[in-house]
Protein chains: 2
Amino acid sequence: MGLTKSEIFTDTQNQIATLAKAFAHPARVAILQQIFKANACICGDLVDEIGLAQATISQHLKELKSLGLIRGKIEGTSVCYCINQEKWSKMKQLLTAFFNQDLNNINCC
Amino acid sequence: MGLTKSEIFTDTQNQIATLAKAFAHPARVAILQQIFKANACICGDLVDEIGLAQATISQHLKELKSLGLIRGKIEGTSVCYCINQEKWSKMKQLLTAFFNQDLNNINCC
DNA sequence: TTATAATATTGCAATATTACGATTAATAAA
DNA sequence: TTTATTAATCGTAATATTGCAATATTATAA
């Protein structure tokens, strides 16, 4: 099939999966790292930094934007990207809680 | 195309992406939560708990196993799954470090 | 040995993702 | 206005993922 049966899972499970998908491609990881590295908004030299075509980068940016993890502000002919701090925090909280499940767990094997 | 160009990214970027993929499907999130919830090894009643076919669950388990996040111990005709604590810790460390990049970041917008 | 039970594997269909050339849209500069 | 510059969108090809029926495998029970 290829169609995820979202309806049989809880909202939290779907949210975790959707957010994890953002990081499930090295290009998107690299894009986010670049934005953080700049320690400010980055005015789209991402295509030069990462070795992918402009259309491809634009597509990855769109996905990150649609998840709300980054924002794009138009500055003349270029676009400046930055992290959406609130959304990033919420994402971190959700995923960290999921990761920390092991703290309640008995080491059985 | 559809082929991720792993070679143009760093090892860390690829590792983050590969691990994130484990959580990028709600069924795998649900499986991991079930294993944690049992607070021990869980002997494959996952198919009943989650509403997917046996073959599908088996496939998701295989992916989690191949990443090393879970282990399967054969007990008679059934298999008991549990979290690989060391691998889980390492995963947590890598992804948490990635998520905490925002701590060094100036809130610019 | 012959069932029975539990899980893995295979094969396939359908959908999703990745990548990029070409085009379009919008702004800035000449 | 014309010409760059920059980024988004469209269209398309290739690969990946998801899901399941059918089958195979493995170990126990009869």
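Below, all heavy atoms of this structure are taken into account, side chains as well, without hydrogens, waters or symmetry copies. Residue numbers begin at 1 in each chain, while the letters A, B, ... track the order of the sequences.
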Within less than 4.0 Å of OP1 or OP2 of [N], is there a side-chain N or O belonging to [X]?
X: A:Thr77; N: C:dA26; result: no
X: A:His25; N: C:dA19; result: yes
X: B:Lys5; N: C:dC20; result: yes
X: B:Ser78; N: C:dA6; result: no
X: B:Tyr81; N: C:dA6; result: no
X: B:His60; N: D:dG19; result: yes
X: A:Lys65; N: D:dA8; result: yes

Atom pair distance, as rounded to whole Å: [atom1] in [X] and [atom2] in [N]:
X: A:Phe9; N: D:dT18; atom1: CZ; atom2: P; answer: 10 Å
X: A:Glu75; N: C:dT27; atom1: CD; atom2: P; answer: 13 Å
X: A:Asp45; N: D:dA7; atom1: CG; atom2: P; answer: 8 Å
X: B:Glu49; N: C:dT7; atom1: CD; atom2: P; answer: 13 Å
X: A:Ile70; N: D:dA7; atom1: CD1; atom2: P; answer: 12 Å
X: B:Lys21; N: D:dT17; atom1: NZ; atom2: C1'; answer: 10 Å
X: A:Ile50; N: C:dT18; atom1: CD1; atom2: P; answer: 14 Å
X: A:Leu64; N: C:dT17; atom1: CG; atom2: C1'; answer: 14 Å

Judged by each residue's nearest nucleotide on DNA chain D, which is more toward the 5′ side, A:Gly44 or B:Ala55?
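So the residue in question is A:Gly44.
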
Which residue lies more 5' along DNA chain D, comparing B:Ala24 with A:Lys62 via nearest heavy atoms:
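It is A:Lys62 whose nearest nucleotide is closer to the 5' end.
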
Do B:Asn100 and A:Lys92 have side-chain atoms, one donor and one acceptor, less than 3.5 Å apart?
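Yes, because at least one side-chain N or O of B:Asn100 sits under 3.5 Å from a partner of the opposite role on A:Lys92.
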
Any N/O donor-acceptor pair, A:Gln59 side-chain to C:dC20 base, under 3.5 Å
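Flag set: donor-acceptor pair detected.
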
Taking all heavy atoms of A:Pro26 and all of B:Thr4, pick out the closest pair and write down the distance.
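Residues A:Pro26 and B:Thr4, closest heavy atoms: CG-CG2, 3.7 Å.
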
Using the side-chain heavy atoms of B:Leu52, tell me which of these nucleotides is nearest: D:dG19, C:dT9, D:dT15.
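Among the listed nucleotides, the one closest to the side chain of B:Leu52 is D:dG19.
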
Proximity to the side chain of A:Glu63 - top-ranked nucleotide from D:dA7, C:dA19, C:dT18
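So the nucleotide nearest the side chain must be C:dT18.
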
N/O donor-acceptor pair under 3.5 Å between B:Arg28 side chain and B:His60 backbone
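Side chain of B:Arg28 to backbone of B:His60: no pair is present.
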
How long is the gap from CG on B:Asp48 to CD on B:Gln54, to the nearest 0.5 Å?
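That separation rounds to 11.0 Å.
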
From A:Phe36 CZ over to A:Cys82 SG, what is the distance, rounded to the nearest 0.5 angstrom?
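A:Phe36 atom CZ to A:Cys82 atom SG measures 10.5 Å (nearest 0.5 Å).
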
Whichever of B:Leu61 and A:Gln54 has its nearest DNA chain C nucleotide further upstream toward 5'
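Closer to the 5' end of DNA chain C: B:Leu61.
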
Starting from the 5' end of DNA chain C, give me the residue, A:Thr4 or A:Ile74, whose nearest nucleotide shows up first.
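The residue whose closest nucleotide sits nearer the 5' end is A:Thr4.
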
Is the gap between the SG atoms of B:Cys80 and B:Cys43 under 2.5 Å?
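Disulfide present: SG-SG distance under 2.5 Å.
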
